[in-house]
Engineer: 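Got a structure for you, questions after.
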Amino acid sequence: MADLSISLNTVWMLLAAMLVFFMQPGFALCEAGFTRSKNTANILFKNFVDFMVGSVLFWFVGFGFMFGSNGEGFIGMPNFGDLSFYSSDLPVEGFLIFETVFCATSATIVSGAMAERTKFSMYVVYSIVISLIIYPVEGHWTWGGGWLMNGAEDSFMMTTFGATFHDFAGSAIVHSVGGVLAFVGAMALGPRLGKYNKNGKSHAIPGHNLTIAALGVFILWFGWFGFNPGSQLAAATETDRVAISHVFLTTNLAAVCGGIATMATTWFKYGKPSFSLTLNGVLAGLVGITAGCDLVSPVGAVIIGLVCGVALVFAIEFIDVKLHVDDPVGASSVHGVCGIIGTLMTGLLALDGGAFYGGGWGFFGAQCLGIVCIDVWAAVTGFILFYGIKYIAGLRVSKRVEEEGLDIYEHGESCYN
């Protein structure tokens, strides 16, 4: 029976990994639909590169950096392709694949914010750095058994807050990191040609195909049912099956409420319900619930979805109109802002330990410290990475390439003929 349980848990983990992998085409289609047709091949290619490069690097050294020895330290030890250092009831090869698809997701988020003007060669460079260093280091602090999640009585988190940082499936670890890197990358690149006039007024640059963007969002929504419930990493016991069922419910409720909130907000604010923003509202709800999907009630999931859906509209407008950072797909808002909101709201709405449920403010304090440390790490490393590339090798394509499209100039072929 024990062997059967492990086998069932393994199958569940690998099935969830397949679902998370399927989010890659979701991101690709969503990003392509929200941008112009002349850059579609470039965008699709980048999403393949993320997974190809990330898979090799994470297997060779990133997995060791994240899950290697010295859990309390800054970074684990590189494994150089040797997986024998990691021991668990679940097969290490399967766990590696599960973690690989999460790593690829974090890198892919950045692609959308920097679309339509980034050199392909430089994209490969920063995708390597994200998969090799930026994601595994903060992942080591958290999922790798590092200091933010160390529950020992004499640990820093327990002596300071009486609680550890909690991020069940990655609102902070995956999404906010991707969102912060996306913001810094878009800021380093500068806006697309024609995005702002001489007076700084923003002009919308519509995407070429909302149909494939909508399909991309549906695929992402579907994949999230592997992203969140799969993070339980088990399905064999009564506790596991109750847990993954609960996570399925909270994940879906937050998604639909994120979409409803964005639809209502845009209807009220702009006079018409915006379909494109509502697509992002669904993703905002999904990102927000990912940290606490296991701890909050269905009502809590509804609240998180509604808050993220409303916040998304104002975040996109603020980043675009006030900060003049051109993010074609809204990745900074969807993943960055809503990842932060969801992580913090977990500290408020968790049934066990949440401040609004009589748990005091220790858990919320742990969430605040965790999100600050993780996102400051992402911001500092992202600033060094993107501005380093910008001034050493050049991050952006020439004006002519941007005007005529990256597909032909960067790849010698077009997506549409």
Side-chain angles (χ1 to χ4, degrees), residues 23 26-27 29-35 109 112-113 171 175-176 178-179 182-183 186 202 204-207 209-225 227-228 249-293 296 298-323 325-346 349:
M23 292 173 74
F27 278 116
L29 293 176
C30 184
E31 182 184 340
F34 279 136
T35 51
I109 291 167
S171 285
H175 294 283
S176 76
F183 178 81
S202 174
I205 302 178
N209 195 327
L210 278 180
T211 302
I212 67 169
L215 177 59
V217 171
F218 271 125
I219 291 172
L220 287 168
W221 195 340
F222 177 68
W224 234 286
F225 292 128
F227 205 91
N228 287 3
L249 176 61
T250 55
T251 297
N252 192 60
L253 284 174
V256 296
C257 289
I260 290 169
T262 299
M263 178 181 70
T265 303
T266 55
W267 208 334
F268 177 79
K269 186 173 174 60
Y270 305 122
K272 289 184 171 68
S274 170
F275 179 53
S276 59
L277 282 173
T278 299
L279 291 176
N280 268 340
V282 171
L283 298 180
L286 287 165
V287 169
I289 195 59
T290 296
C293 52
V296 303
V299 173
V302 167
I303 293 171
I304 289 173
L306 292 174
V307 170
C308 288
V310 173
L312 170 79
V313 178
F314 293 95
I316 286 178
E317 185 175 287
F318 179 76
I319 289 172
D320 179 20
V321 176
K322 300 297 183 182
L323 300 182
V325 174
D326 181 17
D327 182 347
V329 302
S332 307
S333 303
V334 171
H335 300 278
V337 173
C338 295
I340 292 169
I341 289 173
T343 303
L344 296 178
M345 290 189 73
T346 299
L349 297 173

Engineer: Any chance you could measure Asn280, atom CG, to Cys30, atom SG, to the nearest 0.5 Å?
Structural biologist: 6.0 Å

Engineer: Which residues satisfy the side chain to side chain donor-acceptor pair (under 3.5 Å) test with Ser274, sequence neighbours excluded?
Structural biologist: Ser276

Engineer: CZ of Phe222: more than 12 outside heavy atoms within 6.0 angstrom?
Structural biologist: no

Engineer: Name all pairs fulfilling the side chain to side chain donor-acceptor pair (under 3.5 Å) condition that reach into residues 333-345, sequence neighbours left out, sorted by first residue then second.
Structural biologist: His175-His335

Engineer: When rounded to the nearest 0.5 angstrom, what is the spacing between CG in Leu286 and OG1 in Thr251?
Structural biologist: 7.0 Å

Engineer: Looking at every non-hydrogen atom in both residues, tell me the closest pair between Ala291 and Gly342 and how far apart they are.
Structural biologist: CB-O, 4.2 Å

Engineer: Once rounded to the nearest 0.5 Å, what's the spacing between atom OG1 of Thr262 and atom CG of Leu283?
Structural biologist: 9.5 Å

Engineer: Taking all heavy atoms of Pro328 and all of Ala113, pick out the closest pair and write down the distance.
Structural biologist: CD-O, 3.3 Å

Engineer: Parallel, tilted or perpendicular, judged at 30° and 60°: which one describes the rings of Trp221 and Phe218?
Structural biologist: parallel

Engineer: For the pair Ile304 and Val302, evaluate side-chain contact (heavy atoms from CB on, under 4.5 Å) and give the outcome as yes or no after the intermediate values.
Structural biologist: CA-CA 6 Å; Ile304 289 173; Val302 167; over 6 Å; no

Engineer: Whether the side chain of Ser171 engages the backbone of Val287 through a donor-acceptor N/O pair (distance < 3.5 Å, no angle test) should be reported.
Structural biologist: yes

Engineer: Does Lys322 pair with Glu317 as a salt bridge, N-O distance under 4.0 Å?
Structural biologist: no

Engineer: Under the side-chain contact (heavy atoms from CB on, under 4.5 Å) criterion, do Phe275 and Met263 qualify, and how do the steps go?
Structural biologist: CA-CA 7 Å; Phe275 179 53; Met263 178 181 70; over 6 Å; no

Engineer: Taking all atoms of both residues into account, what is the closest heavy-atom pair of Ile109 and Gly179, and its distance?
Structural biologist: CG2-N, 3.9 Å

Engineer: Picking from Val313, Leu312, Ile319, what satisfies side chain to side chain contact (heavy atoms under 4.5 Å, CB included) with Ile316?
Structural biologist: Leu312

Engineer: Nearest 0.5 Å, what's the CG-OG distance between Asp320 and Ser202?
Structural biologist: 3.5 Å

